[in-house]
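What follows is a single structure, written as structure tokens, with notes after it.
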Amino acid sequence: MRVSMKVDGVTYEDEVEPRTLLTHHLRDGLGRVGTPIGCDTSNCGSCTVSIDGESVKSCSVLAVQAAGADITTIQGLAEGSEWHPVQKAFQQHHGLQCGYCTPGMIMASVDLLTRNPSPTEDEVRHGLEGNLCRCTGYQNIVKAVLSAASELRGEGPIAGSFRDADEPVPATSGASS
Amino acid sequence: MIPAQFDYVAPTTLAEAIAALGAAGEDAKILAGGQSLIPVLRLRLAFPTTLIDLSRVSELRGVGEDGDVLVIGAMTKHSDVIEDPLVRQYAALLSEATSTVADPAVRHRGTFGGALAHADPAGDLAAVALALDAELVAEGPGGRRTIAAKDFFVDYLETSLSPDEILAAVRIPKLTGDWGVRYEKFNRVAQAWAIVGVATAVRTEGGSIAEARIGLTNMGSTPVRPHSVEAALVGASTREQVVAAAASAADGTNPPSDLGAKADYRQHLARVLTARAVSQAAGITS
């Protein structure tokens with residue numbers, strides 16, 4: 001089938017087999033490999049992208065279903081060389097360990113903050129329930145999302161980030177004499 | 001994995017979809033939101049020859065009213081059901097239960113009608129449809145017919161839809177008056193299926209229960225409506241009376257034993273969660 005879709009601002013038209021999953025089309029058909037495939041069960045959320053402004057798991061959508069859609073992947077979030085505030089916050093708060101879940105985590109977070117600009121910590125955790133981090137780096141992911149929310153509201157990022165140079169180094173136990 | 005090959009049709013009207021279903025033969029499958037079907041295809045647990053995608057049939061989307069009945073298009077997405085003001089006002093139980101289905105990304109694609117037609121006994125919404133006396137509107141080459149929820153769910157993943165019919169809409173009688181609702185879902189990890197779920201809507205009058213509706217999720221091959229508990233709850237006004245009435249919630253049920261739980265534990269959960277759900281819905285705290 002002839003399928004046209006806009007991905008990260010560029011319109012592509014391709015011949016696509018009906019059984020092709022959107023995630024495979026993005027990666028193998030269009031070469032946009034920023035969206036990883038993490039599982040075969042729709043559980044992990046690493047392949048999350050935005051279709052017409054809504055987060056979806058691109059492994060659970062056929063490419064032909066996305067005909068005519070406007071898709072944003074992790075590769076389309078930055079404005080030129082300027083990272084999206086959520087990307088910045090993940091970097092600043094070390095919201096990743098191995099990084100595999102990060103594209104999906106960030107796409108799901110962007111969707112969450114669009115719908116709820118002032119989430120509580122609990123709402124962030126529930127809002128990201130469809131995304132798994134097998135390094136279990138959730139503490140910093142949640143911190144990053146809360147910081148990004150604050151930044152997007154115009155209140156500036158939350159202090160105490162991973163990279164804060166003026167944070168006192170915690171004393172090692174037994175070091176004091 | 002990659003699904004096996006199939007033909008794909010994307011009609012734009014219900015009439016076209018019914019015609020396509022008739023033309024495609026017995027191994028055709030309807031694609032609604034695809035959040036159950038596509039994983040099944042991907043794992044090669046099903047091999048339909050043709051998929052008929054309803055996502056471009058706009059007449060199947062949206063929530064409307066028909067007098068004292070709420071009419072929800074079968075292709076209305078979960079995320080839209082949750083937010084819909086009419087659903088919140090007249091079928092708040094559906095809104096609450098739908099917000100527990102899977103996760104936000106799945107709820108952006110999955111549909112109310114698709115979930116009901118899939119008829120997974122661990123799915124949350126069949127119990128709600130049963131408890132709220134929903135009617136399911138099916139359309140096929142022979143025309144339209146209405147099926148009561150109690151007759152719709154036949155067995156595990158099986159409904160009374162004929163192979164040539166499509167679920168078009170769900171009609172839910174509006175709940176008016178002093179109703180409280182609660183969906184108690186018991187699972188161990190985020191986005192998991194319900195080990196047991198209890199959907200309740202309770203009408204109170206002067207602090208005691210006047211009417212109760214209950215639907216149980218994953219307590220058998222179809223959703224279960226424990227009528228005896230509903231009857232026993234009438235007049236209850238204390239937590240002790242609610243617990244006593246809920247004690248028969250698992251009577252006559254035949255829940256599965258699987259990795260999630262053994263059958264006897266599910267029966268225990270049904271009793272405990274029914275008491276919990278009813279107490280909360282009725283605002284009975286002591």
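Numbers restart at 1 for each chain; the letters A, B, ... are given by sequence-line order, proteins then strands.
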Q) Which pair of heavy atoms, one from A:Q92 and one from A:P157, lies closest together, and at what distance? A) OE1-CB, 4.1 Å
Q: Go through the atoms of A:R115 and report whether side chain, backbone, both or neither lie under 4.5 Å from a heavy atom of chain B.
A: side chain
Q) Tell me, side chain or backbone of A:L112 under 4.5 Å from chain B's heavy atoms, or both, or neither? A) neither
Q | B:L31, part contacting chain A, at a heavy-atom distance under 4.5 Å | A | side chain
Q. Between the side chain of B:R61 and the main-chain N/O of B:S55, is any donor-acceptor distance below 3.5 Å?
A. yes
**Q.** Atom group of A:E54 that falls short of 4.5 Å from chain B, counting heavy atoms
**A.** both
Q: Identify the heavy atoms of B:A168 and B:L60 that sit nearest to each other, and give their distance.
A: O-CD2, 3.5 Å
Q.
If you define the side chain from C-beta out and look only at heavy atoms, does anything of A:S4 sit under 4.5 Å from A:Y12?
A. no
Q. Run the side chain to side chain contact (heavy atoms under 4.5 Å, CB included) check on B:D120 and B:W193 step by step: do they pass?
A. CA-CA 10 Å; B:D120 190 321; B:W193 296 96; 3.9 Å; yes
Q | Side-chain touch A:L128/A:V145, heavy atoms, less than 4.5 angstrom | A | yes
Q. Quick one: which of B:T200, B:T98, B:D124 gives a side chain to side chain donor-acceptor pair (under 3.5 Å) with B:Y183?
A. B:D124
Q: Tell me yes or no: between the side chains of A:H93 and A:S147, is some donor less than 3.5 Å from an acceptor?
A: yes
**Q.** A:D111 versus chain B, the contacting section by heavy-atom distance below 4.5 Å
**A.** side chain
Q) At a heavy-atom separation under 4.5 Å, does B:L51 approach chain A through its side chain, its backbone, both, or neither? A) side chain
Q: Side chain from CB out, backbone as N, CA, C, O: work out which of these in A:M1 comes under 4.5 Å of a heavy atom of chain B, or both, or neither.
A: side chain
Q. Any residues in residues 99-117 of chain B near chain A, with a heavy-atom distance under 4.5 Å, and which are they?
A. B:A102, B:D103, B:P104, B:A105, B:V106, B:R107, B:H108, B:R109
**Q.** Separation between CD of B:E16 and CD1 of B:I52, rounded to the nearest 0.5 Å
**A.** 11.5 Å
